[in-house]
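One structure below.
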Amino acid sequence: MSEPALRLSGIEAFYGTAQALFGVDLEVPVGSVTVLLGRNGAGKSTTLKAAMGLVDVKAGQVFVGDREVTGAPSYKIARAGLGYVPETRRVFAGLSVEENLVVGERGGERAADFGAATWTRERIFDLFPPLAGMRERQAGQLSGGEQQMLTIARTLMGNPQIILLDEPSEGLAPVIVQQIAATIRTLAAEGLTVLLSEQNVRFATHVANRAAVIERGRILVEGPIEDIATDESVREAYLTP
Ligand code: ATP
């Protein structure tokens, strides 16, 4: 089998002296949409941050393809091909939509190395039609859903090979959640590998083909989404319906 796009092995992560992850192993196959499912505080965000070099990892390893990035600064991990969309969906509020995309731009040569698509503003506006109609608008004036789209769009402008999305559906209206789901499926069809964290099992089944369940900083089960989402004992014990 080919190398996974992203692999975490035995990750022990800490906030100060408080341990949040206990030996997390996770594989994200190339071209998959993998969802990390778990309740509040289970360790989803911390797992994504560990991949991105944003928490204190005291043991374990992170690989992007065959390249080890354990302990590397986040900008180097980004250069290795990871794009990260945090839960806080930060936009540059005082800049326009288009200026936010310019800020996210990074050379396309890496994308050519990966054989992945190179993103341009025009391609982004094709993918997110609502943003196309508001190029000049200040990002701070956008709705929560529009800001989520803009954050994903800005991350794509860095031409990642793998995109990490931390709870992309959280706090958004159902119609926007559907748009985000459609966007994620489009990204996968474009050849991007996706790892997202989610509490919403329904949303997960609409976008993902693989799932891992995390509880109290440990991965409990991993496999095809249809097996995990339909397993009543897993759902009842570890997931929010
Ligand atoms: P949520 O859906 O609430 O974001 P999560 O599954 O993403 O939940 P994490 O945010 O990864 O969970 O949190 C895992 C554990 O780490 C929790 O016990 C949490 O209290 C703790 N934790 C998270 N962030 C910090 C922090 N900045 N300082 C201290 N402890 C933290």
Side-chain angles (χ1 to χ4, degrees), residues 6-28 32-62 69-74 77-78 82-91 144-145 147-148 151-152 155 162-174 176-177 180-181 184 193-208 210-223 225 228-229 231 233-241:
L6 173 69
R7 180 161 68 89
L8 307 187
S9 170
I11 298 291
E12 313 258 332
F14 289 75
Y15 294 99
T17 55
Q19 187 163 2
L21 299 182
F22 300 82
V24 164
D25 293 324
L26 182 67
E27 290 199 356
V28 181
S32 72
V33 178
T34 299
V35 61
L36 188 59
L37 288 166
R39 292 188 176 133
N40 262 333
K44 303 181 297 297
S45 300
T46 307
T47 301
L48 300 193
K49 286 180 188 163
M52 208 59 217
L54 294 168
V55 279
D56 182 15
V57 171
K58 288 205 199 300
Q61 292 170 296
V62 181
V69 297
T70 320
S74 300
I77 298 178
L82 247 57
Y84 172 60
V85 179
E87 214 171 354
T88 48
R89 53 181 91 118
R90 285 265 170 88
V91 294
Q147 291 193 5
Q148 177 67 289
T151 314
I152 296 173
T155 305
I162 308 158
I163 191 161
L164 311 180
L165 303 169
D166 200 358
E167 297 205 37
S169 76
E170 200 193 12
L172 300 180
I176 309 292
V177 169
I180 301 282
I184 293 171
T193 300
V194 181
L195 172 63
L196 70 151
S197 79
E198 209 30 80
Q199 296 195 30
N200 180 336
V201 178
R202 262 176 62 94
F203 179 80
T205 56
H206 281 110
V207 299
R210 290 193 61 78
V213 177
I214 189 166
E215 167 80 356
R216 296 185 196 197
R218 293 176 173 85
I219 302 283
L220 300 177
V221 50
E222 189 175 357
I225 182 83
I228 288 179
D231 184 327
S233 58
V234 167
R235 285 183 77 125
E236 276 175 27
Y238 308 114
L239 304 175
T240 314

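Atom set for the values below is all heavy atoms of this structure, side chains included, hydrogens, waters and symmetry mates excluded. Whatever order the structure lists them in is the order used to number ligands and atoms, beginning at 1.
- The nearest protein heavy atom to atom 11 (O) of ligand 1 is closer than 4.0 Å.
- Close contacts of ligand 1 with T46, meaning ligand atoms under 4.0 Å from a residue heavy atom, involve 9 (P), 11 (O), 13 (O), 14 (C).
- Numbered from 1 in the order shown, with element, the atoms of ligand 1 that lie under 4.0 Å from a heavy atom of E87 read 4 (O).
- The ligand atoms of ligand 1 that sit less than 4.0 angstrom from a heavy atom of A42 are 5 (P), 6 (O), 12 (O).
- Residue contacts with ligand 1: T47 is placed with no nitrogen or oxygen under 3.5 Å of a nitrogen or oxygen of the ligand (distance criterion only).
- Taking every non-hydrogen atom of N40 and a distance limit under 4.0 Å, the qualifying atoms of ligand 1 come out as 1 (P), 2 (O), 3 (O), 8 (O).
- In summary, the atoms of ligand 1 found under 4.0 Å from a heavy atom of S45, numbered by their order in the structure, are 4 (O), 5 (P), 7 (O), 10 (O), 11 (O).
- At least one heavy atom of G43 sits under 4.0 Å from some atom of ligand 1.
- Contacts of R39 with ligand 1, taken as heavy-atom pairs under 4.0 Å, involve the backbone alone.
- Taking each of Q19, Q199, K44, E198 in turn, the one with a heavy atom nearest to atom 6 (O) of ligand 1 proves to be K44.
- Near E167, meaning under 4.0 Å from one of its heavy atoms, ligand 1 places the atoms 1 (P), 2 (O), 4 (O).
- Of the protein's heavy atoms, Y15 CZ, 3.3 Å lies nearest to atom 24 (N) of ligand 1.
- At a distance under 4.0 Å, a protein heavy atom can be found next to atom 15 (C) of ligand 1.
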